[in-house]
Amino acid sequence: MLRHTRPKGTQDFIPPVSQQKLLVENTFRDLAVIYGFQEIVTPTFEHTELFIKSSGTGSDIVIKEMYSFQDRSQRSLTLKPEGTPGVIRAVLENRLVLPARLYYITPCFRYSRPQKGRYREFYQLGIEALGEASARTDAELIHFGVRFFSRLNIAGLTVMVNSIGCRTCRQDYREKLLTFLRLNREALCPDCQQRIEVNPLRVLDCKNDHCQTMLQKAPVPREYLCSDCQTHFTIVINELTARQLPYRIDDHLVRGLDYYNRTTFEFVSDKLGAQNSLGGGGRYDYLIEELGGPPTPASGLAIGLERTMLAMPQLEVPTGRRQLVFVIWTSENELRTAVDLTDRLREAGIPAQLSFDSPKLKRQLHLADLADAAFAVIVGEEELKRGVYGLKNLTTGEQIELPAPELISRLKPLLAV
RNA sequence: GUGAGUGUAGCUCAAUUAGGUCAGAGCACCUGACUGUGGCUCAGGAUGUUGGGGGUUCGAGUCCCCUCACUCACCCCA
């Protein structure tokens, strides 16, 4: 029985999975930079009110999923359940000049029962285009997502898009929907009956088959868009087509957070189980104003890192050895030289390691093998007398001798550093 | 928060139809054969309060109850 175990819903990223995670993050970073985004880092926790204000009191995140706590001065703080609110808060607080394109990689926390692709601590990769009003921006973010997933060789991806209108037309639609739902209340599942009053739009994407067949006749947001919203959506669609991005319009796609308007989109994978959304986003033209800033249009996208990793072809078990040189010494007399050599290798940018723990050559070679090093450099008494090092290729077993001064220059091309 | 399934060495799994040499194997790890050469082979070795607690029984990894953890699904969403 282990004495200490990780808290429920958290996970350890150990090698080689940690490498996989790094690959995903780096891919995201590179792409974000290419699209003109700069990184923003905000605190892991914020004042609780920030999230209540942004996500909406009706959202499940606020009602039952936040990791909230009182600090020692009785301030109510909350571990961030998503990335956007902190970013907006920081942008306003630091008076950043808009428009601005920002990206973030951050852990997020939600208290919910863990399952495949859902954790209590999870990582979100997000981009926010603040101060950009154009529908073309929305399409560009979708393009960003598609490109990101394709760079990671993720197949089976579907892009879902929809528009949920603006303040005005959404209100009209809401009334129509409410009338419809109240009329058909009995035919809906208990969950949906609840949702009618709390957040009626969410009834649309209920998973219950019964509800879905019934909802075929329900009014959908797109039918009630005002002309501006309609134009906006048309441009998004045209832009996607022009960029040759396949998409599906899903009239029932409603995002869970209250702050979205007009464009909403989601990346759905067919190899993920129940939690099949790899990421999603949309336009949120009211949030900044809502949080005390000037009226500012904005559009964003957030991707789930763990789900991305789940959808990747397979954990690329790195075949072959690590780009690492293991320095081996044969007796205490050579230890000093070995330590200095290791240090010089490192100065030259060559990953190098040695073991101080055993003077046994055999043991050291075995450790080099365990560490999966590509090469062993042998610093032996014989070699030192002649001014050479032994260089052993641990894959092939071949061993050659190199004049001491040549070692680094010969090693560099072998390790591609 | 609700439901179902699973819990045996670090890992993957065994342990006779209804409880009785049942606490094992393979991989991994350590030591040696190999006094300056890893991987291969051979010979040894260490490791488990069978998730935890209680009960039934002469006797429980095996049956019952509670609990914890994990997994999947609902819910929610990344």
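What's counted below: heavy atoms across the whole structure, side chains too, no hydrogens, waters or symmetry copies. Chain identifiers are assigned alphabetically (A, B, ...) following the order of the sequence lines, protein sequences preceding nucleic acid strands; residue numbering begins at 1 within each chain.
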remark   = A:L365 has its side chain closest, among B:rG36, B:rA78, B:rG38, to B:rG38
ask   = Rounded to whole angstroms, how far apart are CD on A:Q275 and P on B:rU71?
value = 13 Å
query = Taking for each residue the nucleotide of RNA chain B with the nearest heavy atom, is it A:T396 or A:I378 whose nucleotide lies nearer the 5' end?
reply = A:I378
ask   = Is any side-chain N or O of A:R363 closer than 4.0 Å to OP1 or OP2 of B:rC30?
value = yes
query = Nearest-Å distance, CD (A:Q115) to P (B:rA4)?
reply = 16 Å
ask   = How close or far is atom P of B:rA78 from atom CZ of A:F51, stated in whole angstroms?
value = 14 Å
query = Do A:E82 and A:R110 sit within salt-bridge range, that is, some charged N less than 4.0 Å from a carboxylate O?
reply = no
query = Which whole number of Å gives the distance between the P atom of B:rC22 and that of B:rU12?
reply = 25 Å
key: Separation between the C1' atoms of B:rC30 and B:rC63, rounded to whole Å   = 40 Å
ask   = Is A:K360 near enough to B:rG32 that one of its side-chain N or O atoms lies under 4.0 angstrom from OP1 or OP2?
value = yes
query = What interatomic distance, in whole Å, is found between C1' of B:rC70 and the corresponding atom of B:rG52?
reply = 15 Å
Test side chain to side chain contact (heavy atoms under 4.5 Å, CB included) applied to A:Y247 and A:I142, A:T158, A:T241, the passing residue = A:T241
Gap in Å between the two C1' atoms, one belonging to B:rG20 and one to B:rG61, rounded = 13 Å
request  = Establish whether the base of B:rG36 is bridged to the side chain of A:Q364 by a donor-acceptor pair shorter than 3.5 Å.
outcome  = no
key: Check: A:F37 ring centre within less than 6.0 Å of A:Y103 ring centre   = no
ask   = Is the phosphate of B:rA69, meaning OP1 or OP2, less than 4.0 Å from a side-chain N or O of A:R6?
value = no
message = Say we look at B:rG7 and B:rC11: how far apart would their C1' atoms be, to the nearest angstrom?
response = 15 Å
ask   = Could you give the CG-to-P distance, from A:D369 to B:rC29, as a whole number of Å?
value = 9 Å
message = Are there over 12 heavy-atom neighbours, none belonging to A:Q70, within less than 6.0 Å of that residue's CD?
response = yes
key: Side-chain donor-acceptor contact under 3.5 Å, A:E290 with A:Y284   = no
inquiry  = Would the base of B:rU37 count as contacting A:K392 through its side chain, where contact means a donor and an acceptor less than 3.5 Å apart?
reply    = yes
ask   = Checking all strands, does A:G117 fall into the base, sugar-phosphate, or nothing category for heavy-atom contacts under 4.0 angstrom?
value = base
query = Has A:F122 got its ring stacked on B:rA78, by the test of a centre gap below 5.5 Å and a plane angle below 30°?
reply = yes
ask   = Within the structure shown, what part of the strands sits under 4.0 Å from A:E383 by heavy-atom distance: base, sugar-phosphate, or nothing?
value = base
query = What nucleic acid atoms does A:L367 come within less than 4.0 Å of, heavy atoms only: base, sugar-phosphate, or nothing?
reply = nothing
task = Have a look at A:G273 and say if it touches a base, only the backbone sugar-phosphate, or nothing, with a 4.0 Å heavy-atom cut-off.
result = sugar-phosphate
query = Between B:rU31 and A:H366, is there an OP1 or OP2 to side-chain N/O distance shorter than 4.0 Å?
reply = no
task = Ignoring the backbone of A:A274, work out which of B:rU37, B:rC74, B:rG1 is nearest its side chain.
result = B:rC74
ask   = Between B:rC77, B:rC75, B:rA73, which nucleotide has the shortest distance from any of its atoms to the side chain of A:R113?
value = B:rA73
ask   = To the nearest Å, how far apart are A:Y119 OH and B:rA69 C1'?
value = 16 Å
query = B:rU47 pairs with which nucleotide, Watson-Crick or G-U wobble, both distances below 3.5 Å?
reply = none
key: Pair A:E140 + A:R136, salt bridge at N-O below 4.0 Å   = no
request  = Could you tell me whether the phosphate oxygens of B:rG38, OP1 or OP2, come under 4.0 Å of any side-chain nitrogen or oxygen in A:K362?
outcome  = yes
task = Give every residue pair that meets the ring pair (Phe, Tyr, Trp, His ring centres under 6.0 Å) criterion with at least one member in residues 126-150 of chain A, sequence neighbours excluded.
result = A:F28-A:F144, A:F28-A:F148, A:Y35-A:F144, A:F149-A:F267
key: For B:rC27, the Watson-Crick or wobble counterpart (both distances under 3.5 Å)   = B:rG10
request  = Select base, sugar-phosphate, or nothing to describe what A:T308 touches, counting heavy atoms under 4.0 Å on all strands.
outcome  = nothing
key: Nearest listed nucleotide, side chain of A:K64, among B:rG38, B:rC75, B:rG36   = B:rC75
ask   = For atom C1', what is the distance between B:rG24 and B:rC42, given to the nearest Å?
value = 22 Å
message = Any strand counts, and the cut-off is 3.5 Å on both contacts for Watson-Crick or G-U wobble. Which nucleotide pairs with B:rG38?
response = none
ask   = Has A:K116 got a side-chain N or O lying under 4.0 Å from the OP1 or OP2 atom of B:rA73?
value = no
query = To the nearest angstrom, how far is A:Y389 atom OH from B:rG36 atom P?
reply = 21 Å
note = In A:T395, A:L415, A:L394, A:I350, the residue satisfying side chain to side chain contact (heavy atoms under 4.5 Å, CB included) with A:F375 is A:L415
ask   = Any donor-acceptor pair under 3.5 Å joining the side chain of A:R118 to the base of B:rC72?
value = no
Check: A:E65 side chain, B:rC75 base, donor-acceptor under 3.5 Å = no
query = Between B:rA78, B:rU37, B:rG36, which nucleotide has the shortest distance from any of its atoms to the side chain of A:Q399?
reply = B:rU37
query = Quantified in whole Å, what is the P atom distance between nucleotide B:rC66 and nucleotide B:rU6?
reply = 16 Å
query = Looking across every strand, which nucleic acid part, if any, lies under 4.0 Å from A:L370 by heavy atom: base, sugar-phosphate, or nothing?
reply = sugar-phosphate
key: A:T396 backbone acceptor or donor facing A:N393 side chain under 3.5 Å   = yes
task = Would you mind classifying the nucleic acid contact of A:I303 as base, sugar-phosphate or nothing, using non-hydrogen atoms under 4.0 angstrom?
result = nothing
task = Counting Watson-Crick and G-U wobble pairs only, both distances under 3.5 Å, name the nucleotide matched with B:rC72, or none.
result = B:rG3
query = C1' atom, B:rC27 versus B:rA46: distance in rounded Å?
reply = 16 Å
key: Atom pair distance, as rounded to whole Å: CD in A:E306 and C1' in B:rA78   = 8 Å
query = Rounded to the nearest Å, what distance is computed from the OH atom of residue A:Y111 to the P atom of nucleotide B:rC77?
reply = 18 Å
